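These numbers were taken from a predicted model, which means no experiment stands behind them. Every heavy atom of this structure was used, including side-chain atoms; hydrogens, water molecules and symmetry mates were not.
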Amino acid sequence: MARYTGPLTKKSRRLGIDLVGGDAAFEKRPYPPGQHGRARVKESEYRNQLLEKQKARYTYGVLEKQFRKYYELASRRPGKTGDNLLQILESRLDNVVYRAGFARTRRHARQLVNHGHFVVNGVKTDIPSFQVSKHDIIDVKTKSLETTPFIVARETFDKDTVPAWLDVAPDRGRILVHAQPVREQITVPIQEQLIVEFYSKI
C-alpha cells in the first residue's frame with residue numbers, strides 16, 4: 001500500500017497538530033508554512049471538516065483511497081461511525097506496535113512491520129494495515145529481539161504509556177491484545193464527528 005513520504009513537519013504546521021511526536025521544528029513555529037502562514041484564515045464548516053479528516057489521515061499514515069474504505073467499513077458496523085473509524089485505525093498493526101512502545105513513531109513502526117520483524121499468532125505478518133483482533137498475540141521474531149530498535153525499546157519502555165487494551169512484555173517482545181479499543185482509550189486529538197459529517201456530504 002502506498003503511503004505519504006513527504007515532510008511531516010510541514011503537514012504538522014498546516015494542520016496544527018504534531019504528527020511526528022516531539023517535533024522541535026513544529027513547536028518552534030506552530031503556524032502554517034509559507035509566506036502567508038500567520039495571516040487570518042476564513043473559517044468555514046467545510047474547511048474544519050476537511051482539516052479534521054486530514055489530521056486523522058496523516059496521523060495514521062493512510063492515503064485517501066484507503067481512508068475512504070475505512071470510513072465505509074465503519075459506517076456498516078453497528079454503533080457510532082466515528083468511534084468505529086477510530087477503532088479501525090487504532091487496530092492497524094503498525095499503530096499497535098507504536099502504542100506498545102516498540103517504535104518511536106508510527107512511521108518507525110510501519111518500517112519495522114514492513115521489514116518482517118513481527119509474527120501475529122505465529123504467522124509472519126509484514127503488512128502495516130493488518131487489523132489486529134481481540135486475543136491476538138503479536139511477537140517480535142526471535143532473531144530480531146537483539147537488533148538495535150528492540151534493544152532501545154526495552155531500555156526506554158514505559159508501561160504508563162501503554163493503553164489499557166494492550167498488555168506488553170518488552171523483555172519477550174510480546175504484545176497481547178485484550179480487547180478492541182474504545183473511544184475513551186484513544187487519545188489522538190481528533191473530532192471524529194467532523195469526519196463523519198465530511199463524508200456524509202460526498
Side-chain angles (χ1 to χ4, degrees), residues 1-23 25-27 29-34 37 41-77 79-100 102-114 125-133 163 165-166 180-202:
M1 180 62 70
R3 70 191 194 283
Y4 174 74
T5 57
L8 274 183
T9 294
K10 185 176 286 188
K11 291 296 181 185
S12 295
R13 293 176 62 196
R14 173 63 58 194
L15 299 172
I17 180 177
D18 184 358
L19 298 170
V20 178
D23 188 346
F26 170 74
E27 292 172 6
R29 295 185 291 178
Y31 48 83
V41 176
K42 186 177 180 181
E43 295 289 333
S44 73
E45 186 177 64
Y46 175 79
R47 179 180 181 276
N48 292 337
Q49 292 165 353
L50 176 62
L51 283 179
E52 212 61 29
K53 189 259 294 185
Q54 298 294 70
K55 278 185 192 178
R57 270 192 52 215
Y58 286 107
T59 294
Y60 290 97
V62 179
L63 293 184
E64 178 60 37
K65 185 176 180 181
Q66 188 178 23
F67 194 85
R68 179 66 183 264
K69 286 182 179 179
Y70 284 156
Y71 172 80
E72 292 171 353
L73 176 61
S75 66
R76 292 195 296 268
R77 290 185 178 181
K80 293 182 178 179
T81 299
D83 291 358
N84 293 341
L85 176 61
L86 289 183
Q87 186 182 81
I88 291 169
L89 292 167
E90 281 286 303
S91 298
R92 286 172 54 99
L93 179 57
D94 56 357
N95 181 74
V96 172
V97 168
Y98 166 69
R99 290 289 194 204
F102 287 173
R104 301 182 307 276
T105 63
R106 287 184 180 86
R107 269 191 169 187
H108 184 214
R110 184 184 187 114
Q111 184 182 56
L112 293 176
V113 174
N114 270 330
T125 306
D126 57 5
I127 302 171
S129 61
F130 177 86
Q131 287 284 301
V132 303
S133 304
W165 55 284
L166 298 177
Q180 293 295 100
V182 296
R183 182 63 184 97
E184 293 73 23
Q185 297 170 321
I186 301 173
T187 57
V188 289
I190 291 172
Q191 300 178 61
E192 64 276 7
Q193 185 55 35
L194 292 180
I195 302 174
V196 175
E197 292 170 4
F198 175 84
Y199 280 116
S200 67
K201 294 178 181 178
I202 298 178

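Residues Val96 and Trp165 meet the side-chain proximity criterion, which asks for heavy atoms closer than 4.5 Å. The shortest side-chain heavy-atom distance between Gln185 and Val182 falls under the 4.5 Å cut-off. Contact annotation: the side chain of His108 never approaches that of Tyr98 to less than 4.5 Å [non-hydrogen atoms, C-beta and beyond]. Put simply, the side chain of Thr81 does not reach to within 4.5 Å of the side chain of Tyr199, judged on heavy atoms.
A salt bridge is absent between Arg68 and Glu64; no separation between the charged side-chain nitrogens and carboxylate oxygens falls under 4.0 Å. Using a 4.0 Å cut-off between charged side-chain N and carboxylate O, Glu192 and Arg183 make a salt bridge. A salt bridge links Lys55 and Glu52; the closest N-O separation between the charged side-chain nitrogens and carboxylate oxygens is under 4.0 Å.
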Check: Hey, mind stepping through Arg92 and Val62 against side-chain contact (heavy atoms from CB on, under 4.5 Å) and telling me if it holds?
Finding: CA-CA 11 Å; Arg92 286 172 54 99; Val62 179; 3.8 Å; yes
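Here CG of Leu194 is found 10.0 Å from CG of Leu51. Values are rounded to the nearest 0.5 Å. Considering OH of Tyr71 and CZ of Phe198, their distance stands at 10.5 Å, rounded to 0.5 Å. Rounding to the nearest 0.5 angstrom, the gap separating the OG1 atom in Thr59 from the CG atom in Leu89 is 9.5 Å. The distance from atom CG of Leu50 to atom CZ of Arg57, rounded to the nearest 0.5 Å, is 9.5 Å. In this structure, the separation between CG on Leu73 and CD1 on Ile88 is 4.0 Å, given to the nearest 0.5 Å. For the atom pair Ile195 CD1 and Phe67 CZ, the distance stands at 4.5 Å (nearest 0.5 Å).
Other residues, nucleotides and ligands place more than 12 heavy atoms under 6.0 Å from the NZ atom of Lys201.
Applying the side chain to side chain contact (heavy atoms under 4.5 Å, CB included) test to Ser91 and every residue at least two apart in sequence or in another chain returns Gln87, Gln131, Val132, Gln180, Pro181. For Arg99, the side-chain hydrogen bond (donor to acceptor under 3.5 Å, both in side chains) partners are Glu90, not counting sequence neighbours. Partners of Gln193 by side chain to side chain contact (heavy atoms under 4.5 Å, CB included), not counting sequence neighbours, listed by chain and number: Val196, Glu197.
Scanning both residues, Ala74 and Leu85, for their nearest heavy atoms gives CB-N, 3.5 Å. Between Gly61 and Arg110 the shortest heavy-atom distance is O-NH1, 3.3 Å. The minimum heavy-atom distance between Ala100 and Leu166, with the atom names listed, is N-CD1, 4.3 Å.
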